[in-house]
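These notes are about the structure you will find just below.
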Amino acid sequence: MADVKITLKDGSVKVYPKGTTVYEIAKDISGRLAKEAIVGEVNGTTVDLSYEVNEDCSLNIYKFEDEEGAHAFRHTSSHIMAQAVKRLWPETKLAIGPAIDDGFYYDFDTDHTFVPEDLEKIEAEMKKIVKEDLSLERFELPRDEALKLMAEKGEDYKVELINDLPEDAVISFYRQGDFVDLCAGCHVQSTKKIKSFKLLNLAGAYWRGNENNKMLQRIYGTSFPKASLLDQHLEMLEEAKKRDHRKLGKELKLFALMEEGPGFPFFLPNGMVVKNELLNYWREVHKEAGYVEIETPIILNRELWQTSGHWYHYKENMYALKIDDEDYAIKPMNCPGGMLSYKTELRSYKDFPLRMAEIGRVHRHELSGALHGLMRVRAFTQDDAHIFMLPEQIKDEIKNVCHLIDSIYETFGFSYHVELSTRPEDSMGTDEEWAYTEAALEGALKELGLDYRINAGDGAFYGPKIDFHLKDSLNRTWQCGTIQLDMQLPQRFDLTYIGSDGEKHRPIMIHRVAFGSIERFLGILIEEFAGKFPTWLAPVQVKLMTIADRHIDYAKEIEAKLNAAGLRVSLDDRAEKIGKKIREAQMEKNPYMLILGDKDIDNQTVSVRSRDLGEVGAMSVDVFVETILKEIKDRSKVALFQAKAAKEA
RNA sequence: GCCAGCGUAGCUCAAUUGGUAGAGCAACUGACUUGUAAUCAGUAGGUUGCGGGUUCGAGUCCCAUCGCUGGCUCCA
């Protein structure tokens, strides 16, 4: 393999095998992942050194494909956007403008209200800046000079940021032409590198994410080193729109959201089939995992919510009402009812772990602006369970729940990430209790070897939690499963059990969900499968269609057989062409179509067409039923007829 | 709740500078009797989200309100 000769800025020469990635070269030379990133590529046998080195770092070259490279690239894009905005509206004050997963944003404070047309103007100005080929120069200033510089420029937000930096912080700036920004860095060497970009949307955002602060105007954008990559990304966004669960939910008649009940979804017959299948599956696996099921009331009195603490800690989110002059509230969570259920009997340590599940419908008054299809609603169904146990059972039980959740997600083929959320500011309980419970959850995660990230201060007010997050079609993540260790409610409700010593003790309680919310899970499910549910979930599993009216009797005969086999069947016996019936069935995303005509009557067969595989061929009804029943029983994610076709071939 | 944008037939969208709402698909009726992604013809369908205002005249402009979308905040 040919070697690549690289001349470094200090004049020294290094030789690498051709094909070595720039990233590896950078690591090799610098011996570490340096804080400055530069985007570059090895082409052929030479390396373009023109964009090579920062003043205070050794050679650090990253490709756009590396996280650091993309980050630097987008961060520079963000600076270019800010520079463009400052040129167009000089009075604008800059807040923060970081790189994010798929692009970048910048928060601005200006009297000018940005409208969508402004994005084009800003893009045009950005193009100029890119063309000007401005190099990004880093410089550091002592605190007082840094403050002076930003104050002179009227950048109040930057002044605040500098004031909040720790004493020993290095205060760095980046300059590109006439534009200077307080910035810790990671930039490409020149504005010229930002080949393709697009500003995507406008949004409001509170300064520092605090709703008591001023609302700034945020502009989101994305950028790529090649136009083709940008096009590809924009195409992906278009594709994602097509699988949006709100769109598909309407098209497939799964659910409806109406003005009459914002945030309160209606489940239509098709959606109800999917929901019930999900619940059937859920009950099956939970029974196997040793759970019992209960149901508690939707409405309970004020005293209960005071006991639980919700009346004070969750009041803004609760729907309250008066009944016979007494205060009641609609449950926002199932736990208090679960506590009362626990207390209906004297419990023994021998009953532990006691796993009480509840498919509970809860109502929460979410902010109107937070509502989002099925993902964020005001009434939803939690697949809840409260598990009561001994302290020494905590780790194993958390592991059990993690396994259960994992196996459920695996059934749908979902990948997920885990977060551990710790004590929030507004919380109940002692420091010791929090330390103990947080350690218990983290210990279980570590023993399981699960990757997780810590979400400091994001726990529930009554305990720390482990969250399982799934992604929607736009890669936005949604919390679904959660496991919360709760030492508050057992105390507040004075829950006890009789231990082996014959004395009363306080049980440990886990509060957990796997789907999280059936509604949200269904939303994720729709987007993941783009509406093409696996057969076991599909509202209509088999669509029968006649070629001509004379085939209707035979079709009804087949329909009866499939019905008898427990399949969800629908017959299209309209006097339409078969092409049209197939087209409509495909659009309804029915997994299987049976085409019935003269040949089928003569041979006593059905002609099978699969939504995913196309024409499968003719077979006897019995063979068809046998195969599809297996596919359903296995909760297969793919059509089993594919395997059959492969075997025959 | 906050910032911005949007709201026309069941769905997807039209409607010059304000001039009196239209198309495709779906639906319905009829003809056609069809072999793997759209047969043809006809019929019907809208107080332009709701409520005010400006105007000779408002889907177009203004105000208010409800809802939706993208974010922020919050959270399953």
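We name chains A, B, ... by the order of the sequence lines, and we start the count at 1 in each one.
- If you take atom C1' in B/A41 and the same atom in B/A37, they sit 23 Å apart, rounded to whole Å.
- The cationic atom of A/R218 (NZ for Lys, CZ for Arg) lies less than 6.0 Å from the six-membered ring centre of A/Y105 and within 45° of the ring axis.
- Backbone-only contact: A/G209 has heavy atoms under 4.0 Å from sugar-phosphate atoms and none from a base.
- Taking the side chain as every heavy atom from C-beta outward, A/I359 and A/W282 approach each other to under 4.5 Å.
- The number of heavy-atom neighbours closer than 6.0 Å to CD of A/E235, taken from other residues, nucleotides and ligands shown, is 12 or below.
- If you check every strand for non-hydrogen atoms under 4.0 Å, A/G204 touches a base.
- Counting only distance, with no hydrogens or angles, the side chain of A/S78 and the backbone of A/R74 share no donor-acceptor pair below 3.5 Å.
- Of the candidates B/G67, B/A76, B/G1, the closest approach to any side-chain atom of A/L367 belongs to B/G1.
- A donor atom on one side chain and an acceptor atom on the other are found under 3.5 Å apart for A/H551 and A/D598.
- A gap of 25 Å separates the C1' atoms of B/G35 and B/A26, to the nearest Å.
- Base contact: A/G369 has a heavy atom under 4.0 Å from a base atom.
- Here, B/U43 and B/A9 have their C1' atoms 15 Å apart, quoted to the whole Å.
- Atom name C1', nucleotides B/A44 and B/U34: the rounded distance is 27 Å, in whole Å.
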**Request:** Start with the C-alpha distance between A/R423 and A/E438, add both sets of side-chain angles, then the distance that settles salt bridge (Lys or Arg N to Asp or Glu O under 4.0 Å), and finish with yes or no.
**Result:** CA-CA 8 Å; A/R423 185 176 191 176; A/E438 284 175 4; over 6 Å; no

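- Look at the C1' atom in both B/U60 and B/U17: the space between them is 11 Å, to the nearest Å.
- Nearest to the side-chain atoms of A/R376 among the listed nucleotides B/U36, B/C75, B/G5 stands B/C75.
- Checking B/U36, B/A76, B/G7 against every side-chain atom of A/E259, the shortest atom distance belongs to B/G7.
- Among the heavy atoms of the strands lying under 4.0 Å from A/R476 are primed sugar atoms or P, OP1, OP2 only; no base atom is included.
- Across every strand in view, B/G59 sits unpaired, with no contact that passes the Watson-Crick or G-U test at under 3.5 angstrom.
- For A/R583, the listed nucleotide lying nearest its side chain is B/A37; candidates were B/C75, B/A37, B/G35.
- Looking at heavy-atom distances under 4.0 Å, A/I547 makes contact with a base.
- If you check every strand for non-hydrogen atoms under 4.0 Å, A/E251 touches nothing.
- When distances are taken from the side chain of A/I582 to each of B/U34, B/A76, B/A37, the shortest belongs to B/A37.
- Across the strands present, B/G5 finds its partner in B/C68; the criterion is a Watson-Crick or G-U wobble pair with both atom distances under 3.5 angstrom.
- Taking atom C1' on both B/U65 and B/C50, the two are 8 Å apart, rounded to the nearest angstrom.
- Comparing A/Q217 and A/E211 by the nucleotide of RNA chain B that holds the closest heavy atom to each, the one mapping nearer the 5' end is A/Q217.
- Looking at the side chain of A/R246, the nearest of the listed nucleotides B/U69, B/C66, B/C68 is B/U69.
- Contact check, A/K581 against B/U34: no side-chain N or O comes under 4.0 Å of OP1 or OP2.
- Contacts of A/R218 with the nucleic acid, taken as non-hydrogen atoms under 4.0 Å apart, involve only primed sugar atoms and P, OP1 or OP2.
- Considering only side-chain atoms of A/A575, the nucleotide from B/U34, B/G70, B/C68 that sits closest is B/U34.
- Checking B/U39, B/G70, B/C74 against every side-chain atom of A/K580, the shortest atom distance belongs to B/U39.
- Considering only the side chain of A/H372, B/G70 comes nearest among B/G70, B/U36, B/G35.
- B/G70 sits 49 Å from B/U33 when the P atoms are compared, rounded to a whole Å.
- Residue A/K247 is out of contact with every strand shown, counting any heavy-atom pair closer than 4.0 Å.
- In this entry the distance linking NE2 of A/H511 with P of B/C75 reads 14 Å, nearest Å.
- Residue A/V362 is classed as having no contact, given no heavy-atom separation below 4.0 Å to the nucleic acid.
- Residue contacts shown for A/Q586 include a base, since a base heavy atom lies under 4.0 Å away.
- OP1 or OP2 of B/U34 sits under 4.0 Å from a side-chain N or O of A/R550.
- The distance from atom OH of A/Y105 to atom C1' of B/G70 is 15 Å, rounded to the nearest whole Å.
- Across all strands shown, nothing is found opposite B/A44 as a Watson-Crick or G-U wobble partner with both distances under 3.5 Å.
- Contact annotation: A/Q479 side-chain N/O to B/C75 OP1/OP2 distance is not under 4.0 Å.
- Here A/S368 reaches the OP1 or OP2 of B/G1: one of its side-chain N or O atoms lies under 4.0 Å away.
- Look at A/E559 and A/K556 and you find no salt bridge, because none of the NZ, NE, NH1 or NH2 atoms lies under 4.0 Å from a carboxylate O.
- Using Watson-Crick or G-U wobble geometry with both donor-acceptor distances under 3.5 Å, B/U20 finds no partner in any strand shown.
- In this structure, the nucleotide among B/U39, B/G70, B/U36 sitting nearest to the side chain of A/E576 is B/U39.
- A/T381 comes within 4.0 angstrom of no nucleic acid atom, judged by non-hydrogen atoms across all strands.
- If A/N210 and A/D549 are placed on RNA chain B by their nearest nucleotide, the residue sitting closer to the 5' end is A/D549.
- No donor-acceptor contact under 3.5 Å links the side chain of A/D598 to the base of B/G35.
- You'll find a donor-acceptor pair under 3.5 Å spanning the side chain of A/Y206 and the base of B/G1, going by distance alone.
- Donor-acceptor pairing under 3.5 Å is lacking for the side chains of A/D107 and A/Y157.
- Where stacking is scored as ring centres under 5.5 Å apart with planes under 30°, A/F380 registers as stacked on the base of B/A76.
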